[in-house]
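Inspection log for the structure reproduced underneath, given as structure tokens.
Numbers here simply count residues along the sequence, with the first being 1. Start at 1 and go down the list; that is how both ligands and their atoms are numbered.
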Amino acid sequence: MKKILAMVMAVVMVLSLAACAGNGDKKDDGKKTVGISMPTKSLERWNRDGSYLKEEFEKAGYNVELTYSDNNVTQQNNDIDNLVAKEVDLLIVAAIDGEALTQTLKNAKENGIPVIAYDRLIMNTNAISYYVSFDNYSVGKLQGEYIEKALDLKNAGSNVYNIEFTAGDPADNNARFFFNGAFDVLKPYIDAGTLKVVSGQTEFEKVATAQWNTDKALDRMENLLASYYSNGTVLHAVVCSNDSTAMGVSQAISSSYHGGNVPFITGQDGDVANLRNIVDGKQSMTVYKNVAHEAVVTLALSKDILDGKKPAAELAESQEIECTYDVESYNNGTGIIPSYLLVPSVVTKDNLQDLVETGLYAWEGDYLVSTAK
Ligand code: GAL
């Protein structure tokens with residue numbers, strides 16, 4: 001009897017020790033857990049990304065821990081630390097500030113947790129295994145080409161068109177790619193005098209918008225309008241790197257521009273308020289990056305990593321959607337990060353139906369609404 005009791009005690013001790021191992025509250029259901037760290041709910045796209053990724057990973061049989069960090073760098077570091085403490089098996093991180101996660105991700109690496117940089121590259125850390133995004137330079141290029149076509153710059157003759165630029169958050173590694181992509185298309189026309197940046201602000205640092213904030217873009221545009229366009233000077237186009245900044249610019253145009261025309265305004269993301277502006281003629285286009293595509297590739301990549309494989313070009317080739325494996329473009333300061341890059345597309349009022357076909361939007365009267373949960 002004593003022997004049996006001792007054995008039972010030993011088993012109980014082993015079991016409770018096992019339960020105590022690690023301070024995480026990891027579920028003991030045999031499933032692997034994926035930690036997803038998103039930057040903020042205040043920018044619409046990250047809500048779509050977060051909920052869609054969660055849904056897809058859960059459907060594929062993983063547990064998901066999803067966090068949003070309110071665009072606050074300290075909070076994102078804490079959120080990731082918590083995911084590490086919970087012993088997630090893989091981290092997917094869209095950084096608020098690409099330069100601010102080095103220590104935290106070192107900790108993840110020391111705990112053997114692989115990290116995928118999602119959409120935005122994370123700098124100065126060798127903890128990143130892969131980067132999944134869209135071809136960010138192409139996003140800007142599509143915006144520049146849209147303006148080139150809309151103003152028919154190739155056939156401008158002696159016409160001169162006035163233009164301004166609004167870029168994204170300097171803390172976001174993507175922002176310069178977007179700006180450069182657009183600027184490189186338009187620069188020859190600026191050099192030739194066909195395009196005139198009336199404010200003279202053509203440097204990324206000058207036109208950037210901290211945290212992609214709508215109000216900051218609005219304030220800057222109002223200042224430009226008051227300083228350079230209040231005498232009736234016509235503004236023909238504004239290149240905006242994304243929809244949240246385009247929203248601020250459109251609001252400034254509505255309230256404070258008196259040139260008599262609506263300038264061409266670019267955007268990115270397909271945010272529903274901006275799609276509404278596109279229908280209403282207040283914004284010209286948005287560059288659309290299908291979240292479902294980004295999620296599909298992220299899921300396939302995660303599966304391979306979690307199965308101990310070392311995915312490379314063949315993963316891109318095996319996708320049904322167009323995807324490039326790039327081992328040249330994205331150096332995060334510690335070396336090249338192998339990247340899976342998807343293809344963005346242009347949405348105007350003429351092809352809004354394409355968005356409905358993604359399953360992520362639906363018509364509500366004349367406008368589109370999001371179907372993401
Ligand atoms: C970028 C992202 C864009 C846009 C922006 C603002 O990094 O690629 O799609 O949403 O951030 O959040």
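Closest to atom 5 (C) of ligand 1 among all protein heavy atoms lies W212 CE2, 3.5 Å. Among all protein heavy atoms, the one lying closest to atom 1 (C) of ligand 1 is D172 OD2, 3.2 Å. In terms of protein heavy atoms, atom 11 (O) of ligand 1 is closest to R120 NH2, 2.9 Å. Of the protein's non-hydrogen atoms, the one nearest atom 10 (O) of ligand 1 is D269 OD2, 2.6 Å.
Every atom of ligand 1 is numbered from 1 in the order shown, and the set under 4.0 Å from a heavy atom of N242 is 4 (C), 5 (C), 6 (C). Within ligand 1, counting atoms from 1 as listed, the ones closer than 4.0 Å to a heavy atom of L43 are 6 (C), 12 (O).
Side-chain contact between Y68 and D79: absent, with no pair of heavy atoms (C-beta onward) separated by less than 4.5 Å.
Put simply, the residue from R120, K289, R45 that forms a salt bridge (Lys or Arg N to Asp or Glu O under 4.0 Å) with E294 is R45.
For atom 2 (C) of ligand 1, the candidate residues are D119, V287, T245; the nearest heavy-atom contact is made by D119.
In this structure, F178 is part of the shell of residues with a heavy atom less than 4.0 angstrom from ligand 1.
Centroid-to-centroid, the aromatic rings of F183 and F178 stay 6.0 Å apart or farther. For an aromatic pair to be called close, the ring centres must be under 6.0 Å apart, and Y330 with Y131 satisfies this.
With a 4.0 Å heavy-atom cut-off, ligand 1 is reached by the side chain of W46 but not by its N, CA, C or O.
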Audit row: K149, E145, salt bridge (Lys or Arg N to Asp or Glu O under 4.0 Å) steps and yes/no: CA-CA 6 Å; K149 222 167 152 195; E145 285 167 355; over 6 Å; no
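For the pair K31 and Y62, the cation-pi test (distance below 6.0 Å, angle within 45°) is failed.
W212 and N242 are not linked by any side-chain donor-acceptor pair at a separation below 3.5 angstrom, with hydrogens and angles left out of the test.
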